[in-house]
Amino acid sequence: MIYSAIMFLTLSLLRKGIPGKQWIGKYRRPRQITWQMKCNTLKNLEREAENEYWISRPYMTREQEHSHAAERRAQAWLKIKENKFLNFPQHKHMTDHLSHLRVTKTWSS
């Protein structure tokens, strides 16, 4: 932090100002760290530590977790299959399509 402040001071003294925009770029002006920024960072770190704590402890054991949702998944799969076949058209035979061609054909002739 001190090194960047010295560089910034040197640049501002030699060049009579900050080149380009002062908040972006390679030679930007360093932003002041406020008390509120420190508090927010501390809160975020505490929240992250608590999340890691709860994530590190499993809710179920490995034996409980093994195939615990198999029945529910099977039911869901059956429901998906039923929904697929609802819109499926009924089976049609070739006689249904070609019956108009045999109007005059009889066994006796």
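One-based numbering along the sequence shown.
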Sequence neighbours left out, what passes side-chain contact (heavy atoms from CB on, under 4.5 Å) with [X]? Give chain and number order.
{"X": "N87", "value": "none"}
{"X": "T61", "value": "E63, Q64"}
{"X": "H68", "value": "M60, E65"}
{"X": "T34", "value": "Q36, M37"}

Next on the checklist: Through direct or indirect side-chain contacts below 4.5 angstrom among Ile, Leu, Val, Met, Phe, Trp and Tyr, which residues connect to L98?
Outcome noted: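 Direct or chained contacts put L98 with M94, L101.
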Checklist entry - Should side-chain heavy atoms under 4.5 Å link Ile, Leu, Val, Met, Phe, Trp and Tyr, which residues sit in the same cluster as L45? => result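 Result for L45 is none, singleton.
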Next on the checklist: Taking NE2 in H97 as the centre, count heavy atoms belonging to other residues, nucleotides or ligands within less than 6.0 Å. Is the count above 12?
Outcome noted: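 Buried by this count: over 12 neighbours within 6.0 Å.
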Checklist entry - Quick one: are L42 and K38 in side-chain contact, heavy atoms under 4.5 Å? => result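 No, every pair of side-chain atoms sits at 4.5 Å or beyond.
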Checklist entry - For G25, does its backbone N or O pair with a side-chain atom of R28 as donor and acceptor, under 3.5 Å? => result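 Checked: pair present.
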Checklist entry - Quick one: CD on Q75 to CD on E71, what's the gap to the nearest 0.5 Å? => result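 Q75 atom CD to E71 atom CD measures 6.0 Å (nearest 0.5 Å).
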Item to check | E50 side, atom CD; I55 side, atom CD1 - distance, nearest 0.5 Å | outcome: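 E50 atom CD to I55 atom CD1 measures 10.5 Å (nearest 0.5 Å).
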